[in-house]
Amino acid sequence: MPLLEITRLHTAGQISLKQPVYGLFHSFRLALVFLLAIGVSSALIAAETAPSNLSDDEITVVSYEPSEFNDPLIGFNRAMFAFNDFSYRYALIPIANTYRYIAPQPVQTGVSNVFANIKAPIHIINHLLQWQPSKAGTTTARFLINTTIGIVGIFDPAKAWFSLPKEETGFSDTLAHYGTGYGTYLVLPFLGPADLRSGTGMVADYLLNPIPYLTEQPDTSVIMAADALQNFAPTAEKYETLRDESDDPYLFFRNMYLQGLLRDQQFKGSDTNLQPDSQ
């Protein structure tokens with residue numbers, strides 16, 4: 001049986017009671033933008049994430065048997081991929097390109113820093129669940145420094161002045177830490193490429209995100225949509241490029257996603273980011 005060679009790719013308040021229908025429709029529309037952004041981003045993160053213990057000059061080519069790819073729901077997945085692909089190309093990508101055009105790079109960086117800072121509790125709690133108290137402490141220190149000196153996280157003095165690097169993780173990493181497999185490959189409406197483990201992680205991380213507890217609708221949807229949009233904007237053009245260069249976009253993005261999972265499983269034993277502090 002031929003082997004698949006995997007090469008690292010470089011490639012303001014509550015809704016008005018006078019306008020309940022408009023308010024609910026507005027919130028639903030923003031929620032769709034948020035879900036679309038998460039979906040496209042997850043398809044590309046798998047291609048860009050490399051084992052942290054390898055340098056950029058090292059070759060990261062690994063082979064896997066085709067039978068290792070778990071896609072028993074291919075009929076459903078193909079239908080969802082076609083729906084998502086249409087939504088990405090004709091809705092979210094034009095919005096992302098407009099955002100990149102009107103927002104200078106320093107503004108984009110500042111917005112990204114603010115959202116990364118406010119989501120610190122997600123990383124802190126999951127580091128503790130993974131028995132990594134030192135990383136949890138580093139993230140806590142970063143949050144305190146950047147919230148105060150960095151002006152609610154717009155700037156990152158924790159890294160620039162105190163040499164405190166980002167230590168990001170999530171509940172999906174926590175499940176992987178305890179040996180949970182990725183399960184069945186699944187394409188979710190709007191959310192895009194996923195699996196049972198990452199899907200569960202998304203739900204848990206959402207519950208740990210402070211934004212829904214600090215704001216009310218429709219403000220929550222606006223803020224979450226803005227977060228998803230600024231994450232996706234830099235990858236919008238890459239999605240179109242990869243899609244246009246593939247003979248079968250569904251198989252290409254599916255394999256890219258699953259290859260990332262299998263690669264991470266192979267290297268997790270030597271990845272210090274997945275090990276307890278005592279190791």
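Please read these numbers as outputs of a predicted model, since none were measured by experiment. Note: hydrogens, waters and symmetry copies are ignored here, and every other heavy atom, side chains too, is used.
- The two atoms that bring Thr138 and Pro165 nearest to each other are CG2-O, 3.8 Å, heavy atoms only.
- More than 12 non-hydrogen atoms from other residues, nucleotides or ligands lie less than 6.0 angstrom from CD of Glu240.
- In this structure, the salt bridge (Lys or Arg N to Asp or Glu O under 4.0 Å) partners of Asp248, at least two apart in sequence or on a different chain, are Arg78.
- Using the six-membered ring where Trp is involved, Tyr185 and Tyr257 have ring planes that are tilted, between 30° and 60° apart.
- Residues Pro157 and Ile145 meet the side-chain proximity criterion, which asks for heavy atoms closer than 4.5 Å.
- Residues Arg254 and Asn77 form no side-chain contact, since every pair of their non-hydrogen atoms from C-beta on lies 4.5 Å or further apart.
- Taken to the nearest 0.5 Å, the OG atom of Ser198 stands 7.0 Å off from the CG atom of Leu261.
- Taken to the nearest 0.5 Å, the OG atom of Ser112 stands 9.5 Å off from the CD atom of Gln105.
- Asn209 CG to Met202 CE: the interatomic distance, rounded to the nearest 0.5 Å, is 13.5 Å.
- Using modelled atom types, one side-chain atom of His127 and one backbone atom of Glu167 make a donor-acceptor pair closer than 3.5 Å.
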Verdict with reasoning, Lys119 to Glu168, per side-chain contact (heavy atoms from CB on, under 4.5 Å): CA-CA 10 Å; Lys119 290 184 289 187; Glu168 296 183 343; over 6 Å; no
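- In this structure, Tyr178 places its OH atom where more than 12 heavy-atom neighbours from other residues, nucleotides or ligands lie under 6.0 Å away.
- Nearest heavy-atom pair across Phe252 and Leu242 is CE2-CB, 3.8 Å.
- Of all heavy-atom pairs spanning Leu186 and Leu188, the tightest one is CD2-CD2, 3.3 Å.
- The aromatic rings of Phe253 and Tyr239 sit parallel to each other, their planes meeting at less than 30°, with 60° as the upper class boundary.
- Residue pairs that meet the side chain to side chain donor-acceptor pair (under 3.5 Å) test with at least one member in residues 149-166, sequence neighbours left out, are Arg142-Asp156, Asn146-Asp156.
- In terms of heavy-atom proximity, Thr169 sits nearest to Ile122 at O-CG2, 4.1 Å.
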Ile125 and Phe171: CA distance, side-chain angles, deciding distance, side-chain contact (heavy atoms from CB on, under 4.5 Å) verdict: CA-CA 9 Å; Ile125 293 174; Phe171 193 70; over 6 Å; no
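- Separation of atoms OG (Ser246) and CE (Met256) is listed at 9.0 Å; rounding is to 0.5 Å.
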Check against side-chain contact (heavy atoms from CB on, under 4.5 Å), Thr184 and Asp195: CA-CA 6 Å; Thr184 301; Asp195 55 78; over 6 Å; no
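- Leu73 and Phe81 fall within a single hydrophobic cluster, where Ile, Leu, Val, Met, Phe, Trp and Tyr are joined by side-chain heavy atoms under 4.5 Å apart, directly or via other members.
- In this structure the side chain of Lys135 never reaches within 4.5 angstrom of the side chain of Gln130, judged on heavy atoms.
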Verdict with supporting geometry, Gln217 and Ser221, side-chain hydrogen bond (donor to acceptor under 3.5 Å, both in side chains): CA-CA 6 Å; Gln217 292 291 358; Ser221 294; 2.7 Å; yes
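- For the pair Asp227 (side chain) and Ile223 (backbone), a donor-acceptor distance under 3.5 Å is absent.
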Worked check of side-chain hydrogen bond (donor to acceptor under 3.5 Å, both in side chains) between Asp85 and Tyr90: CA-CA 9 Å; Asp85 181 64; Tyr90 295 103; over 6 Å; no
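- The cluster map of Ile, Leu, Val, Met, Phe, Trp and Tyr, joined by side-chain heavy atoms under 4.5 Å apart, puts Phe232 and Val107 in the same cluster.
- Under the 3.5 Å distance criterion, the side-chain polar atoms of Thr180 are left unmatched by any main-chain donor or acceptor of Ala176.
- Under a hydrophobic clustering in which Ile, Leu, Val, Met, Phe, Trp and Tyr are joined whenever their side-chain heavy atoms come within less than 4.5 Å, directly or via other members, Ile211 and Ile154 fall into different clusters.
- In this structure, CG in Leu175 is found 9.5 Å from CG in Leu129, a value given to the nearest 0.5 Å.
- The closest side-chain heavy-atom distance from Phe76 to Ile74 is not below 4.5 Å.
- Asp205 places a side-chain heavy atom less than 4.5 Å from the side chain of Asn126.
- Formation of a donor-acceptor pair under 3.5 Å by the Thr140 side chain with backbone atoms of Ala136 is found in this model.
- Counting all heavy atoms, side chain and backbone alike, Thr139 lies closest to Ala120 at CG2-O, 4.0 Å.
- A distance of 11.5 Å separates CG of Asp219 from CG of Leu214, quoted to the nearest 0.5 Å.
- The minimum heavy-atom distance linking Thr147 with Phe143 is given by the pair OG1-O, 2.5 Å.
- Grouping the Ile, Leu, Val, Met, Phe, Trp and Tyr side chains by contacts below 4.5 angstrom, directly or via other members, places Ile124 apart from Leu164.
- Phe115 and Ile95 fall within a single hydrophobic cluster, where Ile, Leu, Val, Met, Phe, Trp and Tyr side chains are chained together by heavy-atom contacts under 4.5 Å.
- You'll find the side chain of Thr220 reaches within 4.5 Å of the side chain of Met224, heavy atoms only.
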Using a 3.5 Å cut-off and no angle test, enumerate the donor-acceptor pairs between side-chain atoms of residues 97-104 and protein atoms at least two apart in sequence or in another chain.
from	atom 1	to	atom 2	distance (Å)
Asn97	ND2	Ile93	O	3.4
Thr98	OG1	Pro94	O	2.9

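- Counting heavy atoms from C-beta on, the side chains of Ser87 and Leu92 never come closer than 4.5 Å.
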